[in-house]
Participant: 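One structure follows; several queries about it will come next.
The model shown is predicted, which means the values in this text are computed figures rather than measured ones.
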Amino acid sequence: RIKSIRLATYFIDRKSSEIKEGSLFTDKVYEYDSNFNLIKDQFHTYKYDFDKNGNKVKKYSYNGSGGIFQTVVFKNDNTGNPIEILDYDYKMKDIEHKTLLEYNLARNLIKQSTYDNTDSLMETCDYEYDNGKREG
């Protein structure tokens with residue numbers, strides 16, 4: 001049974017047909033109950049800043065009136081994998097939570113740890129892969 005549907009809309013440059021730096025994205029998420037009645041819908045608009053290598057370095061999330069309500073800062077390793085993700089409040093003053101990411105030698109994500117604003121561990125996810133490098 002379907003419990004949710006997620007649609008992502010991308011704003012594409014008309015001349016090059018590519019997503020450009022600073023393009024806005026919109027996520028639409030619909031959630032349904034067991035009788036397929038819509039129980040929740042969410043719309044999120046956001047924009048990314050990229051470094052010279054094309055790696056995400058910041059994400060700005062916008063509210064319905066166009067104001068920034070959250071900024072996410074990505075710190076990447078030398079291969080471009082994010083190793084630390086800091087979620088700031090809308091004023092870019094306080095960190096709401098921090099996520100640390102660890103990878104194996106094949107550059108597959110193996111551990112994700114999330115901390116609250118007091119640096120207390122909230123959640124840890126460990127990832128394992130089969131021989132086909134599929135997450136299991």
Side-chain angles (χ1 to χ4, degrees):
R1 294 189 179 200
I2 296 174
K3 292 190 178 187
S4 68
I5 297 173
R6 179 180 179 194
L7 305 172
T9 304
Y10 301 96
F11 294 86
I12 300 173
D13 182 89
R14 289 184 180 148
K15 292 180 183 177
S16 67
S17 297
E18 295 178 2
I19 298 171
K20 295 291 187 178
E21 179 177 338
S23 296
L24 291 175
F25 301 87
T26 302
D27 277 348
K28 298 177 183 178
V29 179
Y30 303 94
E31 293 183 23
Y32 300 89
D33 65 14
S34 60
N35 295 318
F36 206 64
N37 296 311
L38 182 65
I39 56 174
K40 185 177 180 183
D41 60 347
Q42 296 178 321
F43 301 91
H44 302 286
T45 302
Y46 52 95
K47 175 185 105 164
Y48 286 108
D49 285 344
F50 301 92
D51 65 14
K52 64 181 180 178
N53 299 315
N55 301 311
K56 296 175 190 174
V57 292
K58 280 189 182 175
K59 176 184 176 184
Y60 306 96
S61 297
Y62 296 89
N63 60 25
S65 60
I68 295 174
F69 74 87
Q70 184 183 40
T71 302
V72 177
V73 176
F74 299 89
K75 294 182 181 178
N76 302 308
D77 64 15
N78 60 359
T79 64
N81 286 324
I83 55 173
E84 182 178 71
I85 302 171
L86 303 173
D87 292 309
Y88 286 89
D89 64 2
Y90 74 99
K91 294 180 181 179
M92 275 294 290
K93 181 180 176 186
D94 297 317
I95 295 174
E96 293 179 345
H97 64 274
K98 167 177 72 175
T99 303
L100 300 178
L101 305 164
E102 297 177 32
Y103 302 86
N104 62 16
L105 293 175
R107 296 177 29 185
N108 295 316
L109 179 64
I110 57 171
K111 186 172 186 174
Q112 177 177 322
S113 302
T114 304
Y115 299 84
D116 67 13
N117 60 353
T118 65
D119 231 12
S120 296
L121 182 64
M122 294 171 33
E123 176 182 73
T124 298
C125 297
D126 293 309
Y127 299 88
E128 294 181 14
Y129 299 86
D130 63 13
N131 290 339
K133 296 185 181 176
R134 292 179 298 264
E135 187 178 336

Participant: Applying side-chain hydrogen bond (donor to acceptor under 3.5 Å, both in side chains), name anything that partners Asn104, two or more places apart in sequence or on another chain.
Facilitator: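 Result, side-chain hydrogen bond (donor to acceptor under 3.5 Å, both in side chains) vs Asn104: none returned.
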Participant: List, by chain and number, the other hydrophobic cluster members for Tyr115, where Ile, Leu, Val, Met, Phe, Trp and Tyr join if side-chain heavy atoms come within less than 4.5 Å, directly or indirectly.
Facilitator: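 In the cluster with Tyr115 are Leu100, Leu121.
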Participant: Provide the full list of salt bridge (charged side-chain N to carboxylate O under 4.0 Å, His left out) pairs with a residue in residues 98-108, sequence neighbours left out, each pair given once.
Facilitator: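 For residues 98-108: Lys98-Asp119.
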Participant: Please list, chain by chain and in numerical order, all residues satisfying side-chain contact (heavy atoms from CB on, under 4.5 Å) with Asp116, sequence neighbours excluded.
Facilitator: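 Asp116 satisfies side-chain contact (heavy atoms from CB on, under 4.5 Å) with Thr118, Ser120, Met122 only.
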Participant: Only counting residues at least two apart or in another chain, list the ones meeting side-chain hydrogen bond (donor to acceptor under 3.5 Å, both in side chains) with Gln112.
Facilitator: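 With sequence neighbours excluded, Gln112 shows a side-chain hydrogen bond (donor to acceptor under 3.5 Å, both in side chains) to Tyr127, given in chain and number order.
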Participant: Given side chains that start at C-beta, do those of Thr99 and Thr114 come closer than 4.5 Å, heavy atoms only?
Facilitator: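 Yes. Closest side-chain heavy atoms under 4.5 Å.
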Participant: Distance from Asn53 atom CG to Asp51 atom CG, nearest 0.5 Å?
Facilitator: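 Nearest 0.5 Å value for the CG-CG distance: 5.0 Å.
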Participant: How long is the span from the CG atom in Leu109 to the OH atom in Tyr103, to the nearest 0.5 Å?
Facilitator: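 Between atom CG of Leu109 and atom OH of Tyr103 there are 5.5 Å.
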Participant: Taking side-chain hydrogen bond (donor to acceptor under 3.5 Å, both in side chains) as the test, write out the residues that go with Asp89, two or more places apart.
Facilitator: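 Here no residue qualifies.
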Participant: Using a 3.5 Å cut-off and no angle test, enumerate the donor-acceptor pairs between side-chain atoms of residues 67-80 and protein atoms at least two apart in sequence or in another chain.
Facilitator:
from: Lys75; atom 1: NZ; to: Glu84; atom 2: OE1; distance (Å): 3.1
from: Asn76; atom 1: ND2; to: Lys56; atom 2: O; distance (Å): 3.1
from: Asp77; atom 1: OD1; to: Thr79; atom 2: N; distance (Å): 2.9
from: Asp77; atom 1: OD1; to: Thr79; atom 2: OG1; distance (Å): 2.7
from: Asp77; atom 1: OD1; to: Gly80; atom 2: N; distance (Å): 3.1
from: Asp77; atom 1: OD1; to: Asn81; atom 2: N; distance (Å): 2.9
from: Asp77; atom 1: OD2; to: Thr79; atom 2: OG1; distance (Å): 3.4
from: Thr79; atom 1: OG1; to: Asn81; atom 2: ND2; distance (Å): 3.3

Participant: Below 30° counts as parallel, above 60° as perpendicular, anything between as tilted: where do the rings of Tyr46 and Tyr48 land?
Facilitator: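 Tyr46 vs Tyr48 ring planes: perpendicular.
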Participant: Applying side-chain hydrogen bond (donor to acceptor under 3.5 Å, both in side chains), name anything that partners Tyr60, two or more places apart in sequence or on another chain.
Facilitator: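 Checked Tyr60 against side-chain hydrogen bond (donor to acceptor under 3.5 Å, both in side chains); matches are Asp49.
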Participant: Under the rule for salt bridge (charged side-chain N to carboxylate O under 4.0 Å, His left out), what residues qualify as partners of Asp94, not counting sequence neighbours?
Facilitator: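 If we apply the salt bridge (charged side-chain N to carboxylate O under 4.0 Å, His left out) test to Asp94, skipping adjacent residues, there are no hits.
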